[in-house]
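Since we're looking at a predicted model, the values are computed, not measured.
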Amino acid sequence: MPRAVDMRRAEDRLRRIEAVTDAKFAYLSLEEVLQELLDRVRETLDADTATVLLLDSTEQQLIAAASSGLEEEVRQGVRIRVGEGFAGRIAARREPYIIDAVNAETVVNPLLWRKGLRTLVGVPLLAENHLLGILHVGTTKERRFDDDEVEWLRVVGDRVAVHVRSQLSSTERNAANTLQRSLLPAELPRVSGLDFGSRYVPGERLEISGDWYDVFTLPSGRVCMAVGDVVGRGLAAAMVMGRLRTTLRAYALESDDPAEVLSKIDRHVRHFEPETMATVAYGIWEPSFDAVRLSLAGHLAPVLAVPDAPSRLLTEAEVDAPIGVSSSAQGRRTTTIAVPSGGTLLFYTDGLVERRHRQLDDGLRLLCEAVRTGPAELLCAEVMSKLIGEETPADDVAVLAVRRQPSAASRKLDLEIDAVPESLADVRGELRRWLPTVGATEDDIADLLIAVGEAVANSIEHAYGPQGGKVELHLEAHDFEVQIGICDTGTWRSPRGIHRGRGTQLMRQLCDEVTVDHDQTGTCVVLRKRLAESEQA
């Protein structure tokens with residue numbers, strides 16, 4: 001009897017291997033190979049879903065590339081950060097992983113638990129020890145995957161990795177996709193007080209196009225957001241999109257008025273690229289984050305969601321001519337939009353709401369119904385699920401969401417920066433945003449900008465050598481007093497040159513108390529300052 005069991009196992013193993021070693025795979029495209037393999041995986045393992053997520057060009061995120069049984073993952077542009085959730089863990093550890101409870105605590109993507117999956121097994125996709133992505137299989141019933149099944153799934157993963165590696169380096173489509181991804185932000189900035197999320201999904205022809213989004217900070221500390229759509233498709237549109245994005249960033253350094261920035265871009269485009277037309281929505285947050293200054297160049301109005309109220313289009317924002325079209329004598333306009341604590345803004349391109357069989361107004365109504373306050377990434381997932389669902393969009397879709405986080409936690413702020421001079425601008429920007437929220441006056445802010453700047457500059461200059469390091473800032477406000485700690489883990493060097501070392505004296509003049517703790521583990525400077533409002537009280 002044991003021998004018969006062993007023979008059956010051997011036959012099953014051979015059958016499974018034959019299922020994924022078909023010679024015809026050599027003549028199929030990558031998309032066809034993935035779909036064929038995933039269909040066979042589902043059939044062989046009697047599973048309900050089989051999905052491949054590929055590592056993006058930054059090697060920081062997994063992007064859904066193909067699926068059998070869970071096609072929404074691909075159509076909604078699901079992205080998972082390496083190290084997070086079920087898929088991210090497999091990518092980070094490069095080893096198989098099985099879970100028997102699929103919920104918000106074990107997986108990042110809500111589609112998985114909404115599908116009713118109960119068991120997931122996944123393996124990494126490795127080619128010459130280089131991670132390319134992950135493959136996961138799911139069932140809607142409780143299921144125990146044995147060692148033979150997991151090992152076979154690794155064989156499938158190896159086959160997938162071979163096809164991915166060979167075709168990613170040789171096909172024009174993949175090169176074009178790489179170009180498109182490179183022109184979008186590799187990662188949205190982390191700004192205390194704001195929560196960002198985004199999506200980009202190509203249209204049904206999978207051609208690159210001119211849809212784009214961007215988020216960046218200015219030396220003044222202001223945060224800028226933009227979404228745009230260049231008319232046209234293909235490589236030419238993508239190249240124009242890249243130049244437009246760069247031009248916007250350049251002009252943003254010159255003006256805090258969105259309308260003025262768009263006017264300069266319009267003049268630039270009409271002179272240097274007269275055949276170009278594009279729509280752009282561009283907003284600049286006030287330092288307090290209680291309002292956004294918005295200008296629209298032919299673009300659809302964003303949606304605003306606030307707690308305990310219906311979401312709505314920002315119809316009060318005037319829509320001016322698109323970029324590249326002669327502007328009216330009236331010029332471009334900026335509208336200030338109040339955003340309460342917990343409020344969310346959603347920017348998007350027309351591919352999200354326009355359909356051949358549906359009026360635009362109906363698409364906008366559906367969008368407003370889908371937008372709710374909450375975490376920005378979850379909002380993006382909800383919007384894509386309700387407006388894209390299982391269909392492949394005819395046009396490209398770009399979505400950018402930002403939530404003003406509730407202010408309850410604003411009494412404390414922790415920052416970590418690279419020990420380089422360029423980080424000083426980020427520190428000043430964070431201070432300008434945070435200090436007013438805890439009652440600091442303009443005089444308080446001016447004093448602390450200088451004092452903290454001196455402490456941070458000292459850490460940058462003296463704590464580390466050429467290898468660099470990190471500087472941590474811990475800010476806390478209580479009882480009309482601000483306490484700011486600036487800490488590093490470096491070994492301090494003596495000041496270079498003469499007439500140096502006056503930074504500590506300046507800090508003592510601007511603050512009520514300055515303490516410096518220095519030992520073998522590093523240095524920590526603590527600044528304490530009573531706010532001017534406390535003296536008036």
Side-chain angles (χ1 to χ4, degrees), residues 56-58 63 77 171-188 198-216 218 224-255 257-284 294-302 319-328 331-332 347-354 393-400:
D56 71 352
S57 59
T58 69
I63 301 177
T171 65
E172 182 179 352
R173 176 181 295 175
N174 286 314
N177 285 337
T178 300
L179 173 62
Q180 176 75 62
R181 301 291 180 183
S182 70
L183 293 174
L184 296 173
E187 186 175 7
L188 298 178
S198 63
R199 287 288 191 276
Y200 170 79
V201 178
E204 59 186 359
R205 290 173 290 179
L206 297 179
E207 296 181 59
I208 55 177
S209 73
D211 287 31
W212 60 282
Y213 61 85
D214 200 7
V215 181
F216 55 92
L218 298 175
C224 305
M225 302 173 56
V227 169
D229 185 0
V230 175
V231 175
R233 300 191 66 83
L235 183 61
M239 292 177 66
V240 171
M241 178 265 283
R243 293 194 293 270
L244 193 64
R245 175 172 173 253
T246 300
T247 303
L248 185 145
R249 285 190 167 204
Y251 286 133
L253 291 170
E254 299 180 357
S255 175
D257 181 4
E260 182 178 348
V261 171
L262 293 185
S263 294
K264 291 181 176 180
I265 294 173
D266 182 53
R267 186 169 65 248
H268 173 96
V269 167
R270 285 192 285 132
H271 179 77
F272 292 105
E273 302 185 64
E275 302 302 319
T276 293
M277 186 174 77
T279 67
V280 179
Y282 176 50
I284 302 178
L294 179 66
S295 186
L296 303 176
H299 205 86
L300 293 170
V319 180
D320 300 313
I323 300 297
V325 176
S326 296
S327 303
S328 64
R332 299 188 179 276
F347 293 69
Y348 54 95
T349 55
D350 55 11
L352 181 66
V353 292
E354 287 189 340
D395 195 6
D396 294 31
V397 175
V399 174
L400 178 62

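- Within the 4.5 Å cutoff, side-chain heavy atoms of Val280 are placed close to those of Leu244.
- Residues satisfying the side chain to side chain donor-acceptor pair (under 3.5 Å) test with Thr279, not counting sequence neighbours, are His299.
- Asp56 meets the salt bridge (charged side-chain N to carboxylate O under 4.0 Å, His left out) test with no other residue; sequence neighbours excluded.
- Between the CD1 atom of Ile323 and the OG1 atom of Thr276 there is a distance of 11.0 Å, given to the nearest 0.5 Å.
- Heavy atoms only, all atoms of each residue included: Pro322 and Ala278 are closest at CB-O, 3.3 Å.
- Taking OH from Tyr213 and CZ from Arg245, the interatomic distance works out to 9.0 Å, rounded to the nearest 0.5 Å.
- Residues Ser198 and Leu400 approach most closely at CB-CD1, 4.2 Å, considering heavy atoms.
- Residues meeting the side chain to side chain donor-acceptor pair (under 3.5 Å) test with Tyr282, sequence neighbours left out: none.
- Between Asp320 and Gly331 the shortest heavy-atom distance is OD1-O, 4.0 Å.
- Annotation for Glu260 and Ser255: closest pair OE1-OG, 3.0 Å, computed over non-hydrogen atoms.
- In this structure, CD1 in Ile265 is found 4.0 Å from CG in Leu248, a value given to the nearest 0.5 Å.
- With sequence neighbours left out, the side chain to side chain donor-acceptor pair (under 3.5 Å) criterion links Thr349 to Asp211.
- Not a single donor-acceptor pair under 3.5 Å links the side chain of Tyr251 to the backbone N or O of Thr246.
- Here the side chains of Tyr200 and Asp396 are in contact, with some heavy-atom distance below 4.5 Å.
- To the nearest 0.5 angstrom, Lys264 atom NZ is 12.5 Å from Thr247 atom OG1.
- Rounded to the nearest 0.5 angstrom, Phe347 CZ and Leu294 CG are separated by 5.5 Å.
- The two atoms that bring Cys224 and Ile284 nearest to each other are SG-CG1, 4.0 Å, heavy atoms only.
- Rounding to the nearest 0.5 Å places CE of Met277 at 9.0 Å from CG of Asp229.
- Listed for the Arg332 side chain is a donor-acceptor partner under 3.5 Å among the backbone atoms of Ala321.
- For the residue pair Arg249 and Asp214, the shortest heavy atom distance occurs at NE-OD2, 2.8 Å.
- The main-chain N or O of Gly324 is found under 3.5 Å from a side-chain atom of Asp266 such that the two form a donor-acceptor pair.
- With sequence neighbours left out, Asp350 forms a side chain to side chain donor-acceptor pair (under 3.5 Å) with no residue at all.
- Legend: salt bridge (Lys or Arg N to Asp or Glu O under 4.0 Å) pairs involving residues 271-281, not counting sequence neighbours, sorted by first then second residue: Arg243-Glu273.
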